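Quick caveat, the model's predicted, so the values are computed rather than measured. Quick note on labels: first sequence line is chain A, next is B, and so on, each numbered from 1.
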Number of protein chains: 2
Amino acid sequence: MLSKKTKYGLKALAYLASQKDKKPVQISEIAEKENISQKFLESILLSLRKTGFLGSKKGKGGGYYLLKTPEEISMTDVMRVLEGPIAMVPCVSLNFYESCDDCPDEQACSVHKLMLQVRDSALEVYRKNTLRDIIS
Amino acid sequence: MLSKKTKYGLKALAYLASQKDKKPVQISEIAEKENISQKFLESILLSLRKTGFLGSKKGKGGGYYLLKTPEEISMTDVMRVLEGPIAMVPCVSLNFYESCDDCPDEQACSVHKLMLQVRDSALEVYRKNTLRDIIS
DNA sequence: TATTACCCTACTAATTTAATAGAGTTTTCA
DNA sequence: TGAAAACTCTATTAAATTAGTAGGGTAATA
């Protein structure tokens, strides 16, 4: 399952990408329009700022804004930051690799074999979609 | 993340598919060879029996065995039974569909748009893999 | 300089997962 | 026919994760 954090984060990014101009958008506006708990959204936007997707401006007229154009924002990067590993098992993860305690031979493992394909197919989808591609 | 239930269930199925003959295999043997808690495995095999993947034989010389050949067992079906929905959000699920409370327009939703592609790509992987394909 | 809005920490309720425990039932083979 | 072997079922629980909630602090702008 996709976590709410990822879902809300994606929606917020999409909302920012749909803005006409590049003026900062307040958390409260995004929260209201996208039906997200404001406090929860706050923490999500904060993490997107810390990972370089968003910039913020404080004070009156402040808010969040995209640091790059929607075309430059890859879903692969967004998913890794919001959801974490793209792989469903650590032993096939590129960025979060861990071996299994129970598995004596990774290459012979049927779960490994299947999940490697699932990972690659998901990566392919994320790779070919930018933020631009998923807004209407 | 893939649940342990699914991981263990897949390993057990693969173990049964690797048997030379069709004689029932005891839970204890699978649990030991695949490093799985026997009691936990018991409940997993039970659900695989109830969903028509496995047959069981009680008493001395009993155990579990595949009801179909490995070639006939599709990963799509196995994943649906063990892991549940293949989609990462209910609103793109074929077999477990639910609409989102928060989302006014499903077709316009960027999360929906992305997750639909992810679901289709995962389904394609599961579709083209049978139990035969993932054993060594 | 007051207001607005971001920033941060800590806590918590709910849910899910991954078992664990233990008793009960059925079947088979000697 | 009876006892061992093996499946079946229910209930409980510990740990982890998720999805928030609460509340105060800090910085910037008009």
Once you round it to whole Å, what is the distance between C1' of D:dC7 and CG of B:Leu41? 12 Å
In the single-linkage hydrophobic clustering (I, L, V, M, F, W, Y; side-chain heavy atoms under 4.5 Å), do A:Ile86 and B:Met79 co-cluster? no
Identify whether B:Leu94 and B:Val78 are in the same connected component of the hydrophobic contact network (ILVMFWY, side-chain heavy atoms under 4.5 Å). yes
Check step by step if side-chain contact (heavy atoms from CB on, under 4.5 Å) holds for B:Glu83 and B:Ser3. CA-CA 7 Å; B:Glu83 188 75 3; B:Ser3 70; 3.0 Å; yes
Do A:Ser93 and A:Glu98 have side-chain atoms, one donor and one acceptor, less than 3.5 Å apart? no
Less than 4.0 angstrom between a side-chain N/O of B:Ser56 and OP1 or OP2 of D:dA6, yes or no? no
Anything under 3.5 Å between a donor and an acceptor, one on a side chain of residues 122-136 of chain A, the other on a protein residue two or more places apart or in another chain? List them.
residue	atom	partner	partner atom	Å
A:Glu124	OE1	A:Arg127	NE	3.2
A:Glu124	OE2	A:Arg127	NH2	2.9
A:Asn129	OD1	B:Gln117	NE2	3.3
A:Asn129	ND2	A:Val125	O	2.9
A:Asn129	ND2	B:Gln117	OE1	2.9
A:Thr130	OG1	A:Arg132	N	3.2
A:Thr130	OG1	A:Asp133	OD2	3.2
A:Asp133	OD2	A:Thr130	N	2.7
A:Ser136	OG	B:Ala108	O	3.4

Atom pair distance, as rounded to whole Å: CD in A:Gln38 and P in C:dT4: 14 Å
Just checking, is any N or O donor in the side chain of A:Tyr15 or A:Glu29 under 3.5 Å from an acceptor N or O on the other one? yes
In whole angstroms, how far is the P atom of D:dT13 from the NZ atom of B:Lys39? 17 Å
Rounded to whole Å, the CG-C1' distance (A:Leu45 to C:dC7) equals 12 Å
Could you give the CD1-to-C1' distance, from B:Ile44 to C:dT20, as a whole number of Å? 14 Å
Can you establish whether the number of heavy atoms outside A:Glu71 located under 6.0 Å from its atom CD is more than 12? yes
Quick one, which residues of residues 87-101 of chain B touch DNA chain C with a heavy atom under 4.0 Å? none
Atom pair distance, as rounded to whole Å: CZ in B:Phe40 and C1' in D:dA15: 14 Å
So do the side chains of A:Val25 and A:Leu16 get within less than 4.5 Å of each other, counting heavy atoms only? yes
Mark yes or no for whether A:Arg119, through its side chain, and A:Val92, through its backbone, hold a donor-acceptor pair below 3.5 Å. yes
Residue that, paired with B:Met88, satisfies side-chain contact (heavy atoms from CB on, under 4.5 Å) out of B:Val118, B:Leu114, B:Val111: B:Val118
Just by protein heavy atoms under 4.0 Å, how would nucleotides 9-14 of chain C read 5' to 3' in B, S and -? ------
Nearest-Å distance, CE (B:Met1) to P (D:dA16)? 14 Å
Whole angstroms only, please: what is the CD1-P distance between B:Ile36 and C:dT17? 18 Å
Ordered by number, residues from residues 2-32 of chain B within less than 4.0 Å of DNA chain C (heavy atoms) are B:Ser3, B:Lys4, B:Lys5, B:Tyr8
Nearest to the side chain of B:Tyr64, heavy atoms from C-beta on, is which of D:dT8, D:dG20, C:dG22? D:dT8
Could you write out each protein N or O paired with an N or O of nucleotides 26-30 of chain D at a distance under 3.5 Å?
residue	atom	partner	partner atom	Å
D:dA27	O4'	A:Lys58	NZ	3.3

Are B:Ser47 and B:Lys5 close enough that some pair of their side-chain heavy atoms sits under 4.5 Å apart? yes
Please state whether the base of C:dC7 and the side chain of A:Glu42 form at least one donor-acceptor pair under 3.5 Å? yes
Using a 4.5 Å side-chain heavy-atom cut-off and chaining through intermediate ILVMFWY residues, the residues clustered with B:Leu67 come out as B:Tyr65
Expected output: side-chain B:Thr6 to main-chain B:Leu2 donor-acceptor under 3.5 Å: no
Within a strict 4.5 Å, meaning less than it, do heavy atoms of the B:Gln26 and B:Tyr64 side chains meet? no
